[in-house]
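Order of listing sets the numbers, starting from 1, for every ligand and every atom in it. For the single chain, residues carry numbers from 1 onward in sequence order. Scope of the values below: all heavy atoms of this structure, side chains included, with no hydrogens, waters or symmetry mates. On a predicted model such as this, the values are computed, not experimentally measured, just so you know.
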Amino acid sequence: MQNFGLDIWSNKNFIIENGEIKLNFKSMPSLLEITQNIRANDVKGPILLRFPHLIQKQIKTLYSYFDKAIKENNYQGSFNAVFPLKVNQFPSVIDAITEQGAKYNYGLEAGSKAELILAMSKTPKGANITVNGFKDKEMLTLAFIAAQSGHNITVTIEGLNELETIIAVASESSLKIPNIGIRVRLHSVGSGIWAKSGGMDAKFGLTSTEIIEAIKLLKSTKLLHRLSMIHFHIGSQIADIAPLKKALREAGNIYAELKKLGAEQLQNLNIGGGLAVEYDQHQASCSRNYSIDEFSSSVVFLLGEIMDAKNVQHPNIFTESGRFIVASHTVLITPVLELFTQDYQEHLLDFKDTNPPLITELIELNKLLNNANCIEYLHDALDHMESLFTLFDLGYIDLQDRSNAEILVHNIIKKALYLKSANPTNELEQLQSKLQERYLINASIFQSLPDYWGLGQHFPVMPIHHLNTTPLRAASLWDITCDSDGEIGFNPEKPLYLHDVNLDEEEYFLAFFNVGAYQETLGMNHNLFTHPNEYTINITDIDHQITNAIESKNILDILDSIGYESEVILNKLKSDLLKSSFITEQEKSDTLSKLETFLQQNGYLRTTN
Ligand SMILES: Cc1ncc(COP(=O)(O)O)c(C=O)c1O
């Protein structure tokens, strides 16, 4: 049975039971049950489901593995973590993080003014705030205000000019000075598609010479006691642990050197983010070569070793991994609207009173195909098909004959695939990938899976039901944007097979997993499709509650958000309709109310016909 690589990417968060995918938690609701409950209220289009228990699980995992490594290595420093807001700033996510993280003193990281304001309003007192990215005087003043308001805030400087501005703000006001961190520009580079944050040509961080200058400046302005942290980040989604170890050695030694230069209050080493998530569904192409166990042990062991060798007290360890915390908690459910080769359905056959002899033979082959003869009959059918195409080119058969031949051969191949599904031959596998089905999904890849569009990042995808039958259709997925990039094509290296469903009779839903990190704010309104409806699902021992429903923006809202005046647009549409002729007043008023209803809905499709 196909399990869509569940054992590779799902971290035991989901299981398949009775043909459906279920949450592997407490009352174990199925995704289909949740989806149908939501859709019962006339919700159409894609939906985002958030599972806060999975955020809780990841926070607990992060802290418990580092605590274990600290105990095992007799490490003297503490472990601290902050959630980088850039990974997902949505309110339901941040509320879950601050609630679930409170007992660990889990803090927030900000990379812009807006994120800093969010961090200042959401970080529980006592938990850490770290600030990264380029900063102007205003943003640095905000950090002073945060410190003055009682926050435990560390501003990581990305260049000497930021330090000079901090010194200027400190001299101009008597606000409390925030802790100062220095981002170091490491020689070491990460690995994977996001590995651009390390290396000598990296966008961020101070070189050795600049670090020495910074220390001199801090000493001369009597602010060295505010230097509490050094920070590095070699990139998100680190695929290979080796570059991280190299970076730790480099940063660890810089830390020890700074202590020797008199930075007495320096006590924190921030290793940034990078802890990877498994996105792959196929064993041959896993996303990372380490576990959280290996990651935490390597960090703790290496830092302890370097400090012991240099006779320096062990620093407190900080991490800023956010992808690891939130990727798994969001599932995108997309209804399938159409299968494009439905035109090959048997009911579309239209025979003549007298058919060409090869068509009559195809009819017989289609009727008599069975397990024993299917390969032989398949070969006959393919042979007849070639001959029929030649006959068509020579003008001996007409378009109706050709259409009948295509449907019959298509059906014979499909039947052979089903009959041989337990033991497919090479030839059948090749035919299967040629006979691709295109599934039209009610979603926008640009809005909901931008990293697939921009970087080719694969996200695990599977149907949420029908899982007790083997899917046999090689599938490519088309979204509803009118852009040819809005497609996830069939990849024979990482094949996706889906079910042959008759959408006139039943619904078919696909789920994309691990979409909780970065996708939502990176998502764009291409074609003016908006963030889908989202729901938080709280699972208890007996049932589940659907809470925090946030509706997708409606058509007028989205026009408003890009600068149109929706009132003006609505009035123009109304007056054009009212001025029109040839329909009755009653019809005009019915059409007007229909129009108003349409505009109050989001732009996703409600039906395909
Ligand atoms: C400085 C910094 N910290 C943390 C992160 C988050 O890392 P991750 O994607 O592993 O959550 C990033 C992201 O690139 C970053 O630039």
Quiz question: by atom type and distance under 3.5 Å, do the side chains of W478 and E487 form a donor-acceptor pair? yes

I want to know if ligand 1 touches R183 in the polar sense, i.e. an N/O pair below 3.5 angstrom.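 It does not: no N or O of R183 is found under 3.5 Å from an N or O of ligand 1.
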
Check: E109 N/O within less than 3.5 Å of ligand 1 N/O: no

Find all atoms of ligand 1 within a distance of less than 4.0 Å from any non-hydrogen atom belonging to S321, and give their numbers and elements. 11 (O)

I'd like to know if R249 and E305 make a salt bridge, using a cut-off of under 4.0 Å between side-chain N and carboxylate O. no

Looking only at the side chains, is there a donor atom on one of H458 and Q281 sitting less than 3.5 Å from an acceptor on the other?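 H458 vs Q281: donor-acceptor pair found between side chains.
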
Determine whether a donor-acceptor pair (N or O, by modelled atom type, separation under 3.5 Å) exists between the side chain of T547 and the backbone of T536. yes

F324, portion touching ligand 1 at heavy-atom distance under 4.0 Å: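 Neither part.
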
Any side chain to side chain donor-acceptor pair (under 3.5 Å) involving residues 290-304? Give me the pairs, sequence neighbours left out, ordered by first then second residue. K68-D293

List ligand 1 atoms under 4.0 Å from G274, heavy atoms only on the residue side.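 Matching atoms, with element in brackets: 7 (O), 8 (P), 10 (O).
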
Taking 4.0 angstrom as the limit and counting only heavy atoms of S236, give me the atoms of ligand 1 inside it, by number and element. 8 (P), 9 (O), 10 (O)

Would you call K137 and E172 a salt bridge, using N to O less than 4.0 angstrom?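 Looking at E172 together with K137, the answer is yes, because their closest N to O distance falls below 4.0 Å.
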
Show the atoms of ligand 1 that are less than 4.0 angstrom away from any heavy atom in Y518.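 That gives atoms 6 (C), 7 (O), 8 (P), 9 (O), 11 (O), 13 (C), 14 (O) of ligand 1.
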
In ligand 1, which numbered atoms sit nearer than 4.0 Å to a non-hydrogen atom of N132?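 Those of ligand 1 that fall under 4.0 Å from N132 are 1 (C).
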
I'd like a table of donor-acceptor pairs (distance under 3.5 Å, sequence neighbours excluded) in which one partner is a side-chain atom from residues 108-115, with atom names and distances.
unit_1	atom_1	unit_2	atom_2	d
E109	OE2	N132	ND2	2.5
S112	OG	E115	N	3.2
K113	NZ	D136	OD2	2.8
K113	NZ	E138	OE2	3.3
E115	OE1	G111	N	2.8
E115	OE2	K86	N	3.4
E115	OE2	Q89	NE2	2.9

Relative to the heavy atoms of G322, which atoms of ligand 1 are at a distance of less than 4.0 Å? 8 (P), 11 (O)

Check ligand 1 against P84 and write out every atom of the ligand that is under 4.0 Å from a heavy-atom position of the residue. 6 (C)

Parallel, tilted or perpendicular, judged at 30° and 60°: which one describes the rings of Y104 and Y63? parallel

Taking atom 14 (O) of ligand 1 as the point of reference, which of H231, H233, E320 owns the nearest heavy atom?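 Going through H231, H233, E320 one by one, H233 has the nearest heavy atom to atom 14 (O) of ligand 1.
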
